[in-house]
Student: 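Structure incoming, see below.
Counting starts at 1 for both ligands and their atoms, following the listed order. Every heavy atom of this structure was used, including side-chain atoms; hydrogens, water molecules and symmetry mates were not. Here, residue 1 is the first one in the sequence, and each next residue gets the next number.
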Amino acid sequence: MDRPRKYITTPIYYVNDEPHIGHAYTTTLCDIWARMMRACGEDVFFLTGTDEHGQKVEQSAAARDMSPRELADRNSTAFRSTMDLFELTYDDFIRTTDPEHERQVQAFIEKLLARGDIYVGTFEGWYDEGQEEYHTETSARDLSFASPVSGKPLVRATEENYYFRLSAYQERLEQLLANRPDMVRPAARRNEVLGRLRDGLQDVPISRTNFSWGIPMPGDPNHVIYVWIDALFNYATALGLGEEHSERWDARHEYWPATYHIIGKEILWFHAVIWPAILLALELPVPHCVYAHSFWISEGQKMSKSLGNFIDLNTIRAYIDRYSIGALRYFLATQGPLGATDADFVTAKFHDVYTSDLVNTVGNSTSRVTAMIGKYFDGALPSEESNGSRMVIDSLDWPARCEKAVAEAIAEMEQFNLDRSIEASMSLIREVDLFINTTEPFKLAKDPERRDELAAILYQCLEALRIASLLLACVLPQKTAEFSAAIGAPTEGTLQELAAWGGLSPGSPVTKVALFPRVELAAMSS
Ligand code: MSP
């Protein structure tokens, strides 16, 4: 039987920017989700990549005396190696300059032209040159006729353009959002979209004539396709949807529709309105969920070029060197702006979370339990049985407790509640600590008559930690692999199979671990 298919995507990143914590954040969230879903036996396709066309790329390349392609090649490679540094397990890295992408975008546009969903018209509006985006009269006025991003004045511009008939999809989009409350998340973002939809939809210009670095409009090469339209199609072209029965289509089309498009909140409109409308026009299914997280700010301030406070690659490297890649992933996933509010990236907070959760909780319990097995049982895992049956201590039903944590962690992850999924594992670990504190194995060790009890406690602690670490493997892949090897945990099977109680075999060797060393607090900016 075919395994269930899931498709998760990040935005494709502009090649005229340097990779920073924001890009690492979105991609890491997707990676954590993809790793857990794969561990659960699901067939996951995880897509990321770079957005390479448009006026800004053409201009930055010219300023550097390079061709746009050279700039795109260089910076796309930089993005890709950043992802490799973070051990992000994407299945494909798409570039909008890939010929397969360009060909399919043209095919989609031809289809939309033939259906009358794209037409030629004249447009006059307020243009944000930096963002390559038009604003309506109302929204330009709300913005005081200045770019919300760069602050530069919007300019009045007139163009003969190709238009996408967005206005024709108003009702269907409203119905879609009403029938599928989870299509846009979190709820605050959904309300934002519903509010803007009520203002009414206007057709959108989808071609440009004032520069040439883009995909030519089919049959009219004086126009290039607007970079946002080109970019949105990446989610479909990566699966070959624009070329039925091609090799790529054969291998990948069944991943569509996307389970999650994970994006930042600033690009919600394109993903929650324009993209679904284009898909409706093409009679393709719309994504299950567009999830728009909020923003990282840095030490209390918005990250910006002018302030020079971007958490850039050098700073990120410094965190990884000092605290480990796992620590960075853990911080991003548990303290990040997954919900409707922004989150502050503060060194002192990073340090506190590392110390309390990873050193004092995960690190401490794993080293405590493996050390006691070393000390009291010569490093051979004892059994939890006495006279042929499992001992229940302090009426704690460990198998049931673990089963609950596993079910919760998986269910929350499926819903993209990464923080809650991680909390389910962390609370299991805290319970192990509590169990040690109340049963006091170090005292029992002095009483030879209570050896069976001591053995059962240590087996149960290690088994519960093994299960918690399986659940945390998506966040802390290296550290949990180290732990699993040190305790001789089985590795073949799905997460659910591996997480069944009793995976560890009594008698097998257990080595003491020290997963997260204590670290001194230090200034981290580069
Ligand atoms: N190229 C477009 C996206 C096209 S998708 C069809 C683009 N690229 S971008 O390089 O500017 O990347 C934007 C994305 O980077 C955001 O949507 C978000 O995922 C991530 N982030 C950028 N800055 C961020 C923060 N400060 N905080 C969190 N994530 C942010 O827009």
Student: Could you please provide the protein residues found below 4.0 Å of ligand 1 on a heavy-atom basis, arranged by chain and number?
Tutor: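 Residues Pro11, Ile12, Tyr13, Tyr14, His20, Gly22, His23, Thr26, Asp51, Trp228, Ala231, Leu232, Asn234, Tyr235, Gly264, Glu266, Ile267, His271, His293, Ser294, Phe295, Trp296, Met303 each place a heavy atom under 4.0 Å from ligand 1, listed by chain and number.
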Student: Would you list the pairs meeting ring-ring contact (aromatic ring centres under 6.0 Å, His included) in which at least one residue belongs to residues 189-219, sequence neighbours left out?
Tutor: His53-Trp213
Student: Quick check on side chain to side chain contact (heavy atoms under 4.5 Å, CB included): which of Ile229, Leu282, Leu113 does Phe108 satisfy it with?
Tutor: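 Exactly one candidate clears the test, Leu282.
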Student: According to ring-ring contact (aromatic ring centres under 6.0 Å, His included), who are the partners of Phe331, at least two apart in sequence or on a separate chain?
Tutor: Trp296, Phe345, Phe350
Student: Got a sec, which pairs hit salt bridge (charged side-chain N to carboxylate O under 4.0 Å, His left out) with one end in residues 328-347, sequence neighbours left out?
Tutor: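 Sorted pair list: Asp31-Arg329, Lys265-Asp342.
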Student: Between Tyr13 and Asn75, do the side chains contain an N or O donor and an N or O acceptor separated by less than 3.5 Å?
Tutor: no
Student: Can you tell me how far the OG1 atom of Thr48 sits from the NE2 atom of His23, to the nearest 0.5 Å?
Tutor: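 Reported to 0.5 Å precision, the distance equals 10.0 Å.
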